[in-house]
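Below is one structure; the comments refer to it alone.
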Number of protein chains: 2
Amino acid sequence: MNAPDKAIEGAETAPDATLRQFSGYVMKRAVAVVRNDINAALTPLGLRMFSFSALVVIVDNPGLRQAQLADALAVERPNVVSVLDDLQSRGLVRRGRAPGDKRAYALEATEAGQDLCRQALQVVTEHEARVTHGLDEGQRLALIRALSIMEQTGRAPAGREDDDES
Amino acid sequence: MNAPDKAIEGAETAPDATLRQFSGYVMKRAVAVVRNDINAALTPLGLRMFSFSALVVIVDNPGLRQAQLADALAVERPNVVSVLDDLQSRGLVRRGRAPGDKRAYALEATEAGQDLCRQALQVVTEHEARVTHGLDEGQRLALIRALSIMEQTGRAPAGREDDDES
DNA sequence: TCACTTAGATATCGTTTGTATCTATCATTA
DNA sequence: TAATGATAGATACAAACGATATCTAAGTGA
């Protein structure tokens, strides 16, 4: 039944071989897989990729404001509101008063939030080991570095040629 | 205006430094940037990342069926229907009759579809050059290879240790 | 012929993320 | 100090993406 050779007439190995030349295509496919795995891993903790990220940033940066959190996570400000509502309602995060500005909140993780963060970091570290199992550490670091560079390059105004940021 | 030193108390360089250890996080951020750029580049052609991908696969694999297209793009079958409706209504793709199976279609690109595909490939190639401008070719290929490996690793049943696929 | 499977279409939902707008509160200055 | 404009967060809404469930028509096999 399973014909190992499912060659489509004059197809070049894979039907999407042309697309696989482009990093964006391969990235999109890889992200889908990784997101599924990481969300499955975090579900038992009541977290998703995004709420996990928010929690980690808050734990690491006590006193952070919501707008700074949004900036750090590269999303628009409204997107953090419901996540914080959730984390706060579960007693993981407090929206403390920002000193000297009654509009703003100073975000901080509770003890429970820090505990959960530690657990989640372990879960995600295991996830990372799982999905990068096919890479050695040098490849893994090179991957992260390359992705970071691409993010920055793509965020820069298109058409600019100067890389200086001194 | 721009205070170059926005150090947050005892923050470690970047507020999301912890998260940047994880490939999934960096991938997600990079994908967002790349997707925006590629979609902006394709908009003048009336394409998006996904319809572009579908068009390329159809051009490369004449006679392909919808289910095979969905498989090739790693999405569920309903997701290709509306994209094909669009491509077909614009005269870029034909849903020809599949020989010997009246349920199935044999997809093929029209002349116009092939033309547009060529243009789109050029646009996307330029996009690729733009976003990978910070990488040399070796890094770019290593990135693509690493992402492919991760996709495959992550798709494999979790917890398995055997890599054999003979 | 009857039961089962498969290709594609339709309907619907969930997630993720963005834009626009509202409010309270700042900060500035006439 | 009152008016103006900017900013922090909340709310409402919408667009894009992708999945599941189910329907139909057509194929397959006992």
Side-chain angles (χ1 to χ4, degrees), chain A residues 1 24-25 27-36 38-40 42-43 47-54 58 63-89 93-107, chain B residues 1 24-25 27-40 42-43 46-54 58 63-89 93-107:
Chain A
M1 277 320 111
Y25 176 76
M27 272 175 57
K28 183 190 157 232
R29 293 184 62 123
V31 162
V33 166
V34 168
R35 181 164 32 77
N36 280 351
I38 206 169
N39 279 337
L42 285 173
T43 291
L47 294 174
R48 312 208 193 104
M49 196 170 176
F50 188 63
S51 49
F52 161 73
S53 301
I58 293 168
L64 203 73
R65 296 172 175 209
Q66 292 190 194
Q68 293 176 308
L69 175 62
D71 263 20
L73 296 174
V75 298
E76 296 304 313
R77 279 115 275 169
N79 293 320
V80 304
V81 175
S82 62
V83 172
L84 289 172
D85 287 349
D86 174 58
L87 294 177
Q88 186 181 32
S89 75
V93 156
R94 262 190 300 266
R95 288 201 245 223
R97 303 190 60 96
D101 192 336
K102 282 178 209 157
R103 301 170 297 177
Y105 293 127
L107 300 173
Chain B
M1 282 317 133
Y25 177 75
M27 270 175 58
K28 183 191 158 231
R29 292 182 64 122
V31 161
V33 167
V34 168
R35 181 165 31 77
N36 280 352
D37 187 272
I38 206 169
N39 280 336
L42 285 173
T43 291
L47 293 174
R48 301 160 184 268
M49 197 171 176
F50 188 63
S51 49
F52 160 74
S53 301
I58 293 167
L64 203 73
R65 297 174 173 207
Q66 293 190 194
Q68 291 176 308
L69 175 63
D71 263 20
L73 296 175
V75 298
E76 295 304 313
R77 279 118 274 168
N79 292 321
V80 302
V81 175
S82 62
V83 172
L84 288 173
D85 287 349
D86 174 58
L87 295 177
Q88 186 182 32
S89 74
V93 156
R94 262 192 299 268
R95 289 201 244 222
R97 304 191 60 97
D101 193 336
K102 283 178 209 160
R103 300 170 300 177
Y105 294 127
L107 301 174

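This is a predicted model, so every value here is computed, not measured. Chain letters run A, B, ... following the sequence lines, proteins first and then strands; every chain starts at 1.
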Starting from P on C:dT6, measure out to CG on B:Leu69 and report it in whole angstrom. 19 Å
Under-4.0 Å side-chain N/O to phosphate OP1/OP2 contact, B:Lys102 with C:dT6: no
Write down the distance between OH (A:Tyr105) and P (C:dC26), rounded to a whole number of angstrom. 12 Å
Which atom names give the shortest non-hydrogen contact between A:Ala54 and A:Leu87, and what distance separates them? CB-CD1, 4.4 Å
Using a 4.0 Å heavy-atom cut-off, does B:Arg35 contact any base of the nucleic acid, only the sugar-phosphate backbone, or nothing at all? nothing
So what does B:Asn79 touch, heavy atoms closer than 4.0 Å: a base, only the sugar-phosphate, or nothing? base
Looking only at heavy atoms, which two atoms of B:Ser53 and B:Leu73 are closest? And how far apart? CB-CD2, 3.8 Å
Measure CG/B:Asn39 against P/C:dT17 and give the value in whole Å, please. 15 Å
Is any side-chain nitrogen or oxygen of A:Arg77 closer than 4.0 Å to OP1 or OP2 of D:dT11? no
Rounded interatomic separation in angstrom, taking CE from A:Met49 and P from C:dT16: 10 Å
For atom CG of A:Asp101 and atom P of C:dT25, their distance in whole Å: 10 Å
Within the distance-only criterion (no hydrogens, no angle test), does the side chain of A:Asn39 pair as donor or acceptor with the backbone N or O of A:Met49 below 3.5 angstrom? yes
Respond yes when some side-chain nitrogen or oxygen of A:Arg48 is under 4.0 Å from OP1 or OP2 of C:dT16, and no when none is. yes
With nearest nucleotides of DNA chain D determined for A:Lys28 and A:Arg65 from heavy-atom distances, which residue corresponds to the more 5′ nucleotide? A:Arg65
For the residue pair A:Phe52 and A:Leu42, what are the closest heavy atoms and their distance? CB-CD1, 3.7 Å
Are B:Gln66 and C:dA9 close enough that a side-chain N or O sits under 4.0 Å from OP1 or OP2? yes
Quick one: OG1 on B:Thr43 to CD1 on B:Ile38, what's the gap to the nearest 0.5 Å? 11.0 Å
Interatomic distance, B:Arg103 CZ vs C:dA9 C1' [rounded to whole Å]: 14 Å
At what distance, to the nearest 0.5 angstrom, does CG of A:Leu107 lie from CD1 of A:Ile58? 5.0 Å
Side chain of B:Pro78 (C-beta onward), nearest among D:dA10, D:dG18, C:dT10: C:dT10
Distance, rounded to the nearest Å, where B:Glu76 contributes CD and C:dT10 contributes C1': 15 Å
A:Arg95 has a side chain; which of D:dG9, C:dA7, D:dG18 sits nearest to it? D:dG9
From A:Arg77 atom CZ to A:Asp71 atom CG, the distance as rounded to the nearest 0.5 Å: 6.0 Å
Using five pairs at each end of the helix from C:dT1-D:dA30 to C:dA30-D:dT1 to define an axis, what is the angle between those two axes, to 10°? 0°
Spacing of A:Ile38 atom CD1 relative to C:dT15 atom C1', expressed in whole Å: 16 Å
